[in-house]
Amino acid sequence: MTEDAVVHVPDRDLLTIGAFAARARLSAKALRLYDRLGLLPPAHVDEATGYRYYRVGQVERARLVAMLRQLDMPLARIAEVVAAGDGPTAAGLLGAYWADVEARVAGQRTLAEYLRGRLSGRSSEMYQRFAVETVDVPGQVVISETRHVLAGELPAWIGAALGRLESAARECGGATAPPFVVYHSEVSMESDGPAEACVPVADEAAARAWAERHGRVRGTKVRVEPAQRLARTRITKAQVAHPQIMTAFEAVEEWIAREGLEQAGPCREVYFADWDSAGAEDPVCDVAFPVS
């Protein structure tokens, strides 16, 4: 006899897994899965036969779990929603999850458009939207923080790291130029750099004393950047988002090759505007490569 067959029910309020599955409009297989995952344990399990029994009151929970799984919600978040019960807390958890989904889909949509442009041979057309120029930058002392970081973690880390360094700059004679981030190797969903957040400061001795006090915390150090020429393009706050910023980097690389120059160091992003107060179309960042 299978678990779905007609069996003696130990309590009039209990349903066999087959009867409960019919009411919940789910399969017995799905119910067994939800049980294993801890999302919908049966009300009673017969010790002798191992048969599962459910209460009628569990039907709505079963349907809720099934619908949340249709949203591709991770099991841990489904458990949070179910545990919250009906009400604003559960609705808020669902809303937060769906906002994350929409943000991810929006990013994927933009990436797909970018890739369509590349695959259709429109790269040059995309690069023409970026004006590239060279600028000479004097030598400077910088305090920096280095970290191996993936693309998804990058925006939060940049904001936090530059915030810490700009605060530290007050102990080092003050900042003398806009902060920047150097990419010593590729940062993507699979590659973790490292990236280095930098703030130029006025007092090298004070900076080295600061670094001595902080030791190896967060990969902090002081170094002297030599005078150099940068090939750069200026982008807006909206263009800083991935993958628009990839197009900007590629546009500068293409311009460098076309002008017969050579890359002389790792690429960087120079943040010259106040991020929080800037609008989507306001220039905030230079994408740049040292050149010779």
Side-chain angles (χ1 to χ4, degrees), residues 1-115 147-157 159-160 186-194 241-243:
M1 183 181 291
T2 67
E3 189 179 358
D4 296 335
V6 178
V7 296
H8 173 69
V9 180
D11 186 317
R12 288 185 177 182
D13 292 334
L14 296 177
L15 300 171
T16 65
I17 190 172
F20 183 77
R23 291 205 184 192
R25 297 192 292 275
L26 296 169
S27 68
K29 180 179 178 181
L31 291 175
R32 295 188 191 99
L33 173 63
Y34 297 167
D35 181 14
R36 288 199 302 272
L37 298 175
L39 296 174
L40 188 68
H44 173 74
V45 178
D46 189 289
E47 293 183 2
T49 64
Y51 292 164
R52 298 168 175 84
Y53 298 92
Y54 295 83
R55 296 194 183 279
V56 174
Q58 292 180 280
V59 168
E60 287 304 314
R61 178 166 178 162
R63 292 176 178 172
L64 174 61
V65 170
M67 288 187 286
L68 292 174
R69 282 180 63 80
Q70 289 178 33
L71 294 177
D72 293 327
M73 181 179 284
L75 299 175
R77 297 187 77 162
I78 290 179
E80 291 178 1
V81 173
V82 171
D86 294 337
T89 300
L93 290 169
L94 174 58
Y97 166 72
W98 195 246
D100 291 343
V101 171
E102 290 185 322
R104 184 177 69 252
V105 171
Q108 291 172 330
R109 183 182 301 113
T110 304
L111 177 57
E113 180 59 31
Y114 163 77
L115 291 172
R147 180 174 172 180
H148 286 275
V149 59
L150 295 173
E153 307 163 317
L154 188 61
W157 175 75
E186 181 183 4
V187 173
S188 66
M189 298 303 292
E190 292 81 26
S191 179
D192 64 354
H242 182 87

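Hydrogens, waters and symmetry mates are skipped; everything else that's a heavy atom, side chains included, is used.
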Check the pair Leu37 / Arg69 against side chain to side chain contact (heavy atoms under 4.5 Å, CB included), numbers first and verdict last. CA-CA 12 Å; Leu37 298 175; Arg69 282 180 63 80; 4.1 Å; yes

Please name the pair of heavy atoms, one in [X] and one in [Y], separated by the smallest distance, quoted to 0.1 Å.
| X | Y | answer |
| --- | --- | --- |
| Ala62 | Ala24 | CB-CB, 4.0 Å |
| Thr49 | Asp46 | N-OD1, 2.9 Å |
| Ala21 | Ala28 | CB-N, 4.0 Å |

Drop me the distance from [X]'s [atom1] to [Y]'s [atom2], to the nearest 0.5 angstrom.
| X | Y | atom1 | atom2 | value |
| --- | --- | --- | --- | --- |
| Ile17 | Tyr53 | CD1 | OH | 10.5 Å |
| Arg52 | Leu31 | CZ | CG | 9.0 Å |
| Glu80 | Met73 | CD | CE | 9.0 Å |

Pick out which of Val82, Leu75, Ile78, Val65 makes a side chain to side chain contact (heavy atoms under 4.5 Å, CB included) with Tyr34. Val65

Side chain to side chain contact (heavy atoms under 4.5 Å, CB included), paired with Phe20, selected from Leu26, Leu14, Leu40: Leu40

Considering only heavy atoms from C-beta outward, does the side chain of [X] approach that of [Y] to under 4.5 Å?
| X | Y | answer |
| --- | --- | --- |
| Tyr54 | Pro42 | yes |
| Tyr97 | Asp72 | yes |
| Val81 | Leu68 | yes |
| Leu94 | Leu71 | yes |

Check whether Thr89 reaches the backbone of Ala84 with its side chain - one donor and one acceptor, N or O, closer than 3.5 Å. no

Backbone N/O of Pro41 and side chain of Gln58: donor-acceptor pair under 3.5 Å: yes

Residues Val45, Tyr51; criterion side chain to side chain contact (heavy atoms under 4.5 Å, CB included); working and verdict: CA-CA 6 Å; Val45 178; Tyr51 292 164; over 6 Å; no

Taking atom CZ of Arg63 as the centre, does the number of heavy atoms from other residues, nucleotides or ligands within less than 6.0 Å exceed 12? yes

Could you give me the CA-CA distance, side-chain angles and deciding distance for Asp100 and Arg77, then say whether side chain to side chain contact (heavy atoms under 4.5 Å, CB included) is met? CA-CA 12 Å; Asp100 291 343; Arg77 297 187 77 162; 3.3 Å; yes

Test Leu150 against Met189 for side chain to side chain contact (heavy atoms under 4.5 Å, CB included), laying out the working first. CA-CA 6 Å; Leu150 295 173; Met189 298 303 292; 6.0 Å; no

